[in-house]
J.: 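What follows is a single structure, and I will ask about it in a moment.
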Amino acid sequence: MGTDAILEIRDLDVTLGSSQILHGISETIDDRPLGLLGRNGMGKTTLCAAIMGLVPVSGGRIVFCGKDITTFTPEARVQAGIGYVPQGRRIFRSLSVHEHLQLVAPSNGSASWTIERIYETFPRLAERRKNLGDRLSGGEQQMLAISRAMLLNPTLLVLDEPTEGLAPAIVSDVIDLICQLSDDGMAILLVEQNIHAAFAATKRVSVMVNGVMVQSLAAGELEADAALQRKYFGLEPGQAAEEEESCL
Amino acid sequence: MTFFLVVTLNGLTLAALYFLAASGFTLIFGLMRTVNMAHGALILLGGYVGYQIVDTTGIWTLGVLGGGLASAFAGGLVQAGILGRIQGDELRQTLASIAVSIVMADLMLWHWGGLTYQVELPEALAGGQFIPLLGIGYATIRILLILLAIVLGVLLWLLIAKTRLGAIIRAGVDDRTMLRALGFNVARIFVLVFALGGALAGMAGVVAASALSIAPGTDLQFLLSSLVVVIVGGMGSIGGAALGAILIGLAEQYGLAYAPTYGVVFSFAIMVLVLAVRPQGLMGRSEA
């Protein structure tokens with residue numbers, strides 16, 4: 001595996017309204033999957049939105065495959081090769097499964113992911129191809145949200161909490177899929193609150209606290225260090241995260 | 001009985017006209033959340049241009065298409081040049097579209113004057129038709145108007161439900177931001193849909209100028225009726241526009257025929273009732 005930077009974020013500031021959400025974030029993503037961890041409200045979703053160009057950036061730069069994309073529109077970033085699986089899945093409720101896939105299906109036959117291959121990979125989606133987006137279970141919606149981004153055949157896939165609200169069996173399906181995509185050579189940014197999912201899918205993790213990137217380390221290292229986990233994610237079991245991240 | 005049938009047909013004719021006018025309005029609102037107050041001006045522009053074309057060439061169909069094309073172009077221009085630049089700021093867009101409608105109305109007054117125009121109908125449409133089923137005669141243009149509304153409604157439905165553009169429009173109505181994050185140039189789609197809404201408005205204008213007549217002020221009349229129709233039917237829903245148009249068209253005609261003094265109250269009474277019971281409109285979706 002090479003370590004050429006695919007996405008480079010340098011000193012990124014994001015201010016929404018009167019409050020600064022991200023403070024000088026720097027991070028480099030290569031072809032090894034990166035897990036981005038942090039409690040709710042720490043700015044993880046805002047960082048994803050900034051990478052996609054969905055929120056205005058007030059300072060710093062984003063460089064993708066050697067190109068400065070800081071001022072690119074969201075659609076130009078997608079065309080440059082960034083795929084996005086947003087938090088909450090954001091499936092179009094009035095489109096059927098098949099219409100979702102048709103919307104983004106590659107026009108050239110040589111693309112790695114095609115609708116046929118998606119249906120082979122997710123037989124469940126093939127069964128439900130005529131169902132509308134809001135008639136799917138959470139797991140099916142997540143598979144569809146990931147498929148929708150995969151069909152763009154992106155260089156980098158940004159996944160924002162893909163395991164949120166899913167049954168454990170489905171969580172492990174999602175993790176297997178992310179591992180497979182990474183093995184196929186797709187760069188992965190996996191944002192998670194579920195630290196165990198991130199440990200299973202990535203080798204490297206970074207931790208965000210209050211809009212600041214505080215530490216980057218090997219996933220195994222953090223997994224083994226209970227004290228560090230308590231420091232960063234120190235919620236006692238059962239204590240719900242208090243506020244929703246919102247930036248869109 | 002004949003009287004009732006004629007009034008009903010008149011109501012349906014009016015409903016057809018209202019539907020043609022409101023469908024473009026609701027399409028634009030559904031996708032972009034833009035309350036396009038210049039919609040009436042687009043209708044009037046289409047009517048004038050259609051009149052001009054029919055007056056010169058004598059071909060009615062050409063007038064309808066030309067009027068649609070002119071308003072499609074004007075609508076696309078308004079979105080690309082003005083409203084698109086303040087996308088996402090709905091209040092400012094609404095105010096800007098009011099400004100556009102005033103400027104357009106004055107320009108049209110300058111060019112076409114304050115006269116009332118009526119598009120001359122071709123031989124085939126000018127007379128009446130005997131409807132055997134109902135046992136009455138009825139103006140051919142009005143029957144055509146009802147058919148035209150049905151055909152355009154079905155075409156519009158097919159476009160939205162069956163085509164790729166329709167899927168993109170539906171996706172945009174559901175979640176514009178996500179559509180951008182999938183690589184779609186939403187700004188360009190907005191211009192396209194605005195032009196489509198303009199085309200519907202323009203054609204409605206020519207048809208209105210044929211079945212009735214147009215003059216300065218017609219724009220506001222149609223803007224008002226479009227607003228009432230989509231508020232009753234549900235903002236953004238084509239089916240809702242059809243239902244709203246039928247309700248308002250019939251209410252106005254029945255009111256005019258059976259209770260002339262209070263005729264105008266009926267359509268607003270329906271609107272108030274709908275707003276009280278189902279604020280999102282009869283076929284509208286509540287905001288999730």
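Naming: A, B, ... by sequence-line order, numbering from 1 per chain.
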J.: Counting only non-hydrogen atoms closer than 4.5 Å, does L152(A) touch chain B with its backbone (N, CA, C, O), its side chain (CB onward), both, or neither?
T.: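 Contact with chain B: side chain only.
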J.: Is the count of non-hydrogen atoms from other residues, nucleotides or ligands lying under 6.0 Å from F73(B) atom CZ greater than 12?
T.: no
J.: Output yes when a side-chain donor or acceptor of R170(B) lies under 3.5 Å from a complementary backbone atom of S94(A), and no otherwise.
T.: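 Side chain of R170(B) to backbone of S94(A), a donor-acceptor pair under 3.5 Å: yes, one is there.
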J.: Any chance you could measure D175(B), atom CG, to L95(A), atom CG, to the nearest 0.5 Å?
T.: 11.5 Å
J.: From L182(B) CG over to Q79(A) CD, what is the distance, rounded to the nearest 0.5 angstrom?
T.: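 If I round to the nearest 0.5 Å, the distance is 11.0 Å.
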J.: For residues Y84(A) and M178(B), report the shortest heavy-atom separation together with the two atoms involved.
T.: O-CE, 3.9 Å
J.: Take atom CZ in R278(B); do more than 12 heavy atoms of anything else shown fall under 6.0 Å from it?
T.: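 Enclosed.
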J.: Out of R148(A), E99(A), R77(A), H100(A), which one racks up the most heavy-atom pairs below 4.5 Å with chain B?
T.: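 Most heavy-atom pairs under 4.5 Å with chain B: R148(A).
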J.: May I ask you to decide if R93(A)'s main-chain N or O and D174(B)'s side chain share a donor-acceptor pair within less than 3.5 Å?
T.: yes
J.: If you compare all heavy atoms of A181(B) against all heavy atoms of M52(A), which two are closest, and at what distance to 0.1 Å?
T.: O-CE, 4.2 Å
J.: Could you have a look at N185(B), V173(B), V186(B) and say which one has the most heavy-atom pairs with chain A under 4.5 angstrom?
T.: N185(B)
J.: Do you know which two heavy atoms are closest between F92(A) and L179(B), and how far apart they sit?
T.: CZ-N, 4.0 Å
J.: So for Q102(A), is it side chain, backbone, both, or neither that comes closer than 4.5 Å to the heavy atoms of chain B?
T.: backbone
J.: Check whether more than 12 heavy atoms from other residues, nucleotides or ligands sit under 6.0 Å from atom CZ of R188(B), and answer yes or no.
T.: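 Counting other residues, nucleotides and ligands, CZ of R188(B) stays at 12 neighbours or fewer.
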J.: Where do A171(B) and L103(A) come nearest, in terms of heavy atoms and distance?
T.: CB-CD2, 4.0 Å
